[in-house]
There are 2 protein chains.
Amino acid sequence: MRKGEETRTRILDVAEAAVLQKGFGGTSIEELIAETGITKSGFFYHFKDKNELAKALLNRYIENDERIYDEIFGRARDLMDDPLQSFLLGLKLLSELLSDLPNGHPGCLVATVCYYERLFDREIQETNRNAVLAWRRRFGRMLREIMEVYPPREPVDVDRLADMVSSVLEGGIVLSKTLKEPNTLAEQVLMLRTFVRMLFLPVADPPVAAVRQGQAFGAAGNGQL
Amino acid sequence: MRKGEETRTRILDVAEAAVLQKGFGGTSIEELIAETGITKSGFFYHFKDKNELAKALLNRYIENDERIYDEIFGRARDLMDDPLQSFLLGLKLLSELLSDLPNGHPGCLVATVCYYERLFDREIQETNRNAVLAWRRRFGRMLREIMEVYPPREPVDVDRLADMVSSVLEGGIVLSKTLKEPNTLAEQVLMLRTFVRMLFLPVADPPVAAVRQGQAFGAAGNGQL
DNA sequence: TTCGAAACTGTACCGCCGGTACAGGAGGGG
DNA sequence: CCCCTCCTGTACCGGCGGTACAGTTTCGAA
C-alpha cells in the first residue's frame, strides 16, 4: 500500500506536468513510463486506461485546488473580520501566490478537460462541471456575506459575480501562458480585486480633478461633487 | 484554384469543429478525411502535416475573430460618438451575439493552442501570442480613448484592463463549455461591462441607503454623503 | 483541340502508440 | 511459509501520422 501509492503519485506528477503542456491527446503513456522509470505493465497496473488516469489526475487537481483556496481565504478570514476586507485580502494573497510561481502558472486541468471534452466519459465531464460549480458556490458564499453588509453600487447577480472570479482566473491563465508573461495572471486577479472593491466600497479616494468634459448621460449624478 | 480552395475550406471547417471539441491531439486526420469525404492522399495534398493544418486553422480563426470584433465595435462606434458609450454598446452587442449562438460558443482556438503548446513549432506559438497581443492593442486603443475623456474612478493600467476583456472572454468560454450553460459567457461579458461602466462613469443611480455598518478603512472617504 | 497544371485517388508501407493478455518474480507482513 | 501487493518481460493487435509514388480526372489557357 505504501510503495504503490508512492509510484502512483510519481506517475500522476509526471502526467500532470505533461498534460498541462500538451493536453491529454498530446501526452503519450509511453513518455510517462519513460520519465517515471516504470514499465508499461506497471503503468496499467495502476491505471487501467488513459481515461482512468485522467480521472485520477482531475480529482487530485481539484482537491489540491480546493485546499489552496481554503487556506488562502481561510487565512484572510482570520486576519480580517469584515467579509469584504477579508475577500479583498484573499484576492491579494492569491495574486501574490500566483506571482511567486517561478515559471508562471502551469495551466488549469479543468480547462484542459474542457477542451478535450468529447473524448472523456460522462463521469469526468460531470466531475469537471462540479468543480466549476464548487467555485461558484465558494465565491458566491463569500460574496453573499459581503452583500449582507455592503450594498453593491450596481445591481449584480451574485452567482455571475462569483463566476467572474473563475473567469478571470481561467482567462488569466490562458493569457499568461500564451503571452509567456508569468505575471499577467496575478495582475488580472488584482484587476478583479479593483472591480470588487469598487463595487462594494464607497468611493476609495477623492479624485484630483472633479469635473471633466463628460458627455450628457441620462441618469448619472456625480456623487463626488 | 477554385475547387482546391473549396476542398481546403471544407477540411478546415471539419477540423475546426473537431479540434475545439477534442483538442489537436484528440483529433485524428483519419476522422477528418472520413467526414470530408476525401482520401488521405487528398488531405496531404492540401496540408503537408498536422502542424500545417494547425497553422492554417489558427490563422483563419484569428482573421475571423478580428473581423467580428471590427464589425461589432465598428458598428458601436457608428452608433455612439462618445468612446465610453460606444465601448459599452460594443460589449452589449458582443454579449448579444454570444447569447445568440445556438449551441453556445464552440471554444477558442487560441486557448486550445495554448493548452497544446509544446507540440507545436515556434511559429504557431508566436502566431498565438500575437493574436493575444492584438486583443490587448485593440481594447487598449479603445480604453485609452475613453480615458482621455473619463478619468477612471480608480487608477488602472490600461493594458491590464484591456487584458481583462480577453481574460473574461477566454475564462467565460471555459466556464460556459464546462458548465454546459451557453449563456454564462454572455453574462460574463455583461458583468465586465458593468465593471467598465462603473470604472469610468460617475455614480449610476443614487443609492437608497447611504450609510451602512462599514468597518474603519484607512483612506476611504464617502463621496456619496 | 490539345496540353498541362491543379486536384485529386489508390496502394503499399513504416514506426509509434494505446491497449490487452498473461506469465512470472521480488519483497514484505501475517 | 504463504499470500498479497507491486511490479517486470514479452508478445501481440489495430489505429494513426506520415511517406512514397504512380496514376487519374478536370478544366482552363494556348
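Letters A, B, ... are given to chains in the order of the sequence lines, protein chains preceding strands, and every chain is numbered from 1. Keep in mind that what you see is a predicted model, and the values were worked out from it rather than measured.
- Following rounding to the nearest Å, A:E52 (CD) and C:dG18 (C1') show an atom-to-atom distance of 15 Å.
- One can place NZ of B:K48 at 16 Å from P of D:dG17, the figure rounded to the nearest angstrom.
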Filtered N/O pairs between nucleotides 8-12 of chain D and protein, under 3.5 Å:
residue, atom, partner, partner atom, Å
D:dT8, OP2, A:T39, N, 3.0
D:dT8, OP2, A:T39, OG1, 2.5
D:dG9, N7, A:S41, OG, 3.1
D:dG9, O6, A:S41, OG, 2.5

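- Summarising the geometry, the separation between CZ on B:F47 and C1' on D:dT19 is reported as 18 Å, rounded to the nearest angstrom.
- Minimum atom distance to the side chain of B:K50 is reached by D:dG17, of the listed C:dC17, D:dG17, D:dC7.
- A straight line from CG of A:L119 to P of D:dG15 spans 16 Å, rounded to a whole angstrom.
- Note: CG (B:D49) to P (D:dG18) measures 5 Å, nearest angstrom.
- Here B:E170 does not pair with A:K177 in a salt bridge; the nearest charged N to carboxylate O distance is not below 4.0 Å.
- In this structure, a donor-acceptor pair under 3.5 Å is absent between the side chains of A:T194 and B:E154.
- A sub-4.0 Å separation between OP1 or OP2 of D:dC6 and a side-chain N or O of A:H46 is absent.
- Separating the CG atom of A:L32 from the C1' atom of C:dC17 is a distance of 12 Å, rounded to the nearest angstrom.
- For the salt bridge (Lys or Arg N to Asp or Glu O under 4.0 Å) condition, the pairs that include at least one residue of residues 17-27 of chain B, sequence neighbours left out, are B:K22-B:E31.
- If you look at A:F120 and A:F24, their ring centroids are closer than 6.0 Å.
- A close approach under 4.0 Å does not occur between any side-chain nitrogen or oxygen of B:T7 and OP1 or OP2 of C:dA7.
- Atoms CZ (B:F24) and P (D:dC16) sit 18 Å apart, rounded to a whole Å.
- Per the geometry, CZ belonging to B:F44 stands 5 Å off P belonging to D:dG18, to the nearest Å.
- Applying the ring pair (Phe, Tyr, Trp, His ring centres under 6.0 Å) rule to pairs touching residues 169-199 of chain A yields A:F195-B:F195, sequence neighbours excluded.
- Using a cut-off of 4.0 Å between Lys/Arg side-chain N and Asp/Glu carboxylate O, A:D13 and A:R60 are scored as salt-bridged.
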Decide yes or no on side chain to side chain contact (heavy atoms under 4.5 Å, CB included) for B:L175 and A:R136, but give the supporting numbers first.
-> CA-CA 10 Å; B:L175 262 65; A:R136 179 182 284 174; 5.9 Å; no
